[in-house]
Amino acid sequence: MGAVADAIAAEIELLNVSDKRPGLAQLAIHLAMSVDDPDNATVQANAARELRAVMEDLRELAPPPPELDRVDELAQRREDGLVRARRA
């Protein structure tokens, strides 16, 4: 695969949506492969436009990132401070 297809595949994996809409995920990868193909600029432009739309749909399906409550946030800030203090 090319650079765009690799990046799209990695994003789909990160979003964890390929189980929810496997056809849409495969369509995104196929469109990305068309964008990577340098033979036809018109095909690349059309594929890029469609790829943006498909990826928007996939991003909407992604579960929201876990929200930290106040205690988790304070613990994370404390840990970050301890790591910085160890490095100093």
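Excluded from the calculations below are hydrogen atoms, water molecules and symmetry mates; all remaining heavy atoms, backbone and side chain alike, are included.
- When all heavy atoms of Lys20 and Leu61 are compared, the closest pair comes out as NZ-O, 3.0 Å.
- With a 4.5 Å cut-off on side-chain heavy atoms, Arg21 and Asp57 do not count as touching.
- Note that CZ of Arg59 is 4.5 Å distant from CE of Met55, once rounded to the nearest 0.5 Å.
- Shortest non-hydrogen contact noted between Ser34 and Val43 is CB-CG1, 4.5 Å.
- Note that the CZ atom of Arg78 and the CD atom of Gln76 stand 12.0 Å from one another [nearest 0.5 Å].
- Summarising the geometry of Val54 relative to Leu27, their closest heavy-atom pair is CG2-CD2, 3.9 Å, with the distance given to 0.1 Å.
- A distance of 12.5 Å separates CG of Asn46 from CG of Leu51, quoted to the nearest 0.5 Å.
- If you take CG on Leu31 and CG on Asp36, they are separated by 11.5 Å, rounding to the nearest 0.5 Å.
- In this structure, a donor-acceptor pair under 3.5 Å is absent between the side chains of Asn40 and Gln44.
- Across all their heavy atoms, Val4 and Ala32 have their closest contact at CG1-CB, 3.8 Å.
- Between Ala28 and Ile12, the shortest heavy-atom distance links the atoms CB-CD1, 3.9 Å.
- Of all heavy-atom pairs spanning Val35 and Ala48, the tightest one is CG2-N, 3.5 Å.
- Considering CG of Leu58 and CD of Glu11, their distance stands at 8.5 Å, rounded to 0.5 Å.
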